[in-house]
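Contents: one structure, followed by commentary.
In what follows, chains carry the letters A, B, and so on, assigned in the order in which the sequence lines appear, proteins first and then strands, with residues in each chain numbered from 1. These values consider heavy atoms only, across backbone and side chains, with no hydrogens, waters or symmetry-generated copies.
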There are 2 protein chains.
Amino acid sequence: MIALDAFDISILSILQTDNTTPQRDIGERIGLSAPAVQRRIKRLRETGVIRADISVLDPEKLGRPITIFTEVKMEVEKVEIVRQAKEIFSGTPQVQQCYYVTGDVDFILILVVYSMKEYEELTQQLFFGNNNVKNFKTSIVLDIVKAGLNIPVNKQ
Amino acid sequence: MIALDAFDISILSILQTDNTTPQRDIGERIGLSAPAVQRRIKRLRETGVIRADISVLDPEKLGRPITIFTEVKMEVEKVEIVRQAKEIFSGTPQVQQCYYVTGDVDFILILVVYSMKEYEELTQQLFFGNNNVKNFKTSIVLDIVKAGLNIPVNKQ
DNA sequence: GGCATATTTGCAATTTTGTTTCGTCAAAAA
DNA sequence: TTTTTGACGAAACAAAATTGCAAATATGCC
């Protein structure tokens, strides 16, 4: 595991909120020079602690796509079947997030579609069209109260 | 609603994958000059189409925090109670995502904690300590198969 | 503790990237 | 037809990131 000191944690905390923050500002805030910050960020990227740098778009401003939760239960929980399901879900653009979980169901998916027709087609493709899927339950998102990928890093 | 042309869509598509892409590169790829790209990005940020710019961190590399789904059902679905619940969930750092949904439950939360003890304390604080919460169901995430905030913009 | 070695740092110079200015052009409005 | 508006690209400019290098700090070993 990669060793992270207090400086790294501070940098990560800033970047996961706003990665357009100038390195000079970051340095000023945490008490380090810009080049030092730059080298640390580079290392954090190279070691994969920082997995990606992205813009977050507002769904409301993009034709009001619909966000949908789908809980999926598989027929049998064989390794190969699960692996295959992961691959299919991952490869589907409308699948924004996919989690393999414990409990009543096996997968929880977050889907983003532009119409219920598109969702209906997706269910045909992903669920009805897959014999290994036992059943699935749909919940429509009425309000995205909070969305993000933040991981608490300060306290722990 | 903000009108977005094909150039805007292309820019958004690139930025939501990698927002460190130089504007000159973007321009080259989509057939526009750097200043034109810069003006469009500025506008997209100002109008809120681009809501944020962030680094995405790898949980595995940060002390292996635990991701948990919690489905929450409220006692009664009064406007004021729902509003209040949204506020509390939003303000909790361990609540990475919060959705208000249709169906059997009212809220679906994604929590990120560093131990089951921390989760237990959270449940005390958020659920048992709130009379308006009727019940909740926990699913532990075994594998984050796909995570992101991508919104399909190309096809639609 | 003291020495050699590894890292990490800050400063200054360089390079790259982002931003502004300005003149041109095309489409819509007068 | 003329004016206005909006968007563009080229060039100039400003800001930020990156690199080279010497000094400082930390690490391991005797």
Residue B:Leu32, side-chain atoms from C-beta onward, closest of D:dT19, D:dC8, C:dG10: D:dC8
For A:Arg43, report the nucleic acid contact type (base, sugar-phosphate, nothing); a contact means any heavy atom under 4.0 Å. nothing
If the plane angle is over 60° it's perpendicular, under 30° parallel, otherwise tilted; pick one for B:Phe128 and B:Phe136.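 It falls in the perpendicular class, over 60°.
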Give me each pair satisfying salt bridge (Lys or Arg N to Asp or Glu O under 4.0 Å) with a member in residues 119-128 of chain B, each pair once, sequence neighbours excluded.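 The answer is B:Lys117-B:Glu121.
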Pairs satisfying salt bridge (Lys or Arg N to Asp or Glu O under 4.0 Å), at least one member in residues 85-102 of chain A, at least two apart: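 Sorted result for residues 85-102 of chain A: A:Arg83-A:Glu87, A:Lys86-B:Asp143.
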Tell me whether B:Glu75 contacts the main-chain N or O of B:Lys134 through its side chain, where contact means a donor paired with an acceptor under 3.5 Å. no
Using whole Å, report how far [atom1] of [X] lies from [atom2] of [N].
X	N	atom1	atom2	result
B:Arg40	C:dT20	CZ	C1'	18 Å
A:Lys42	D:dA17	NZ	C1'	12 Å
A:Glu28	D:dA17	CD	P	13 Å
A:Asp5	D:dA26	CG	C1'	12 Å

Please, which pairs that meet ring-ring contact (aromatic ring centres under 6.0 Å, His included) have at least one residue in residues 54-88 of chain A, sequence neighbours excluded?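 Every pair satisfying ring-ring contact (aromatic ring centres under 6.0 Å, His included) with a residue in residues 54-88 of chain A: A:Phe69-B:Tyr99.
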Taking five pairs at each end, how big is the angle between the two axes of the helix from C:dT7-D:dA24 to C:dA30-D:dT1, to 10°?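 Axis-to-axis angle, ends of the helix: 30°.
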Pairs under 3.5 Å (N/O, protein and nucleotides 11-18 of chain C):
residue	atom	partner	partner atom	Å
C:dG18	OP2	B:Gln23	N	2.7
C:dG18	N7	B:Arg24	NH1	2.8
C:dG18	O6	B:Arg24	NH2	3.0

Can C:dA6 be described as syn, meaning its chi torsion is within 90° of 0, or is it anti?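 It is syn.
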Close side-chain approach of A:Gln94 and A:Val112, heavy atoms under 4.5 Å: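 The answer is no; the side chains never approach within 4.5 Å.
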Taking the side chain as every heavy atom from C-beta outward, state whether B:Asp53 and B:Arg45 have any atom pair closer than 4.5 Å.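 B:Asp53 reaches B:Arg45 side chain to side chain.
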Tell me which pairs pass side chain to side chain donor-acceptor pair (under 3.5 Å) where either residue lies in residues 31-42 of chain A, with sequence neighbours left out.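 Sorted result for residues 31-42 of chain A: A:Asp5-A:Arg40, A:Asp8-A:Arg40.
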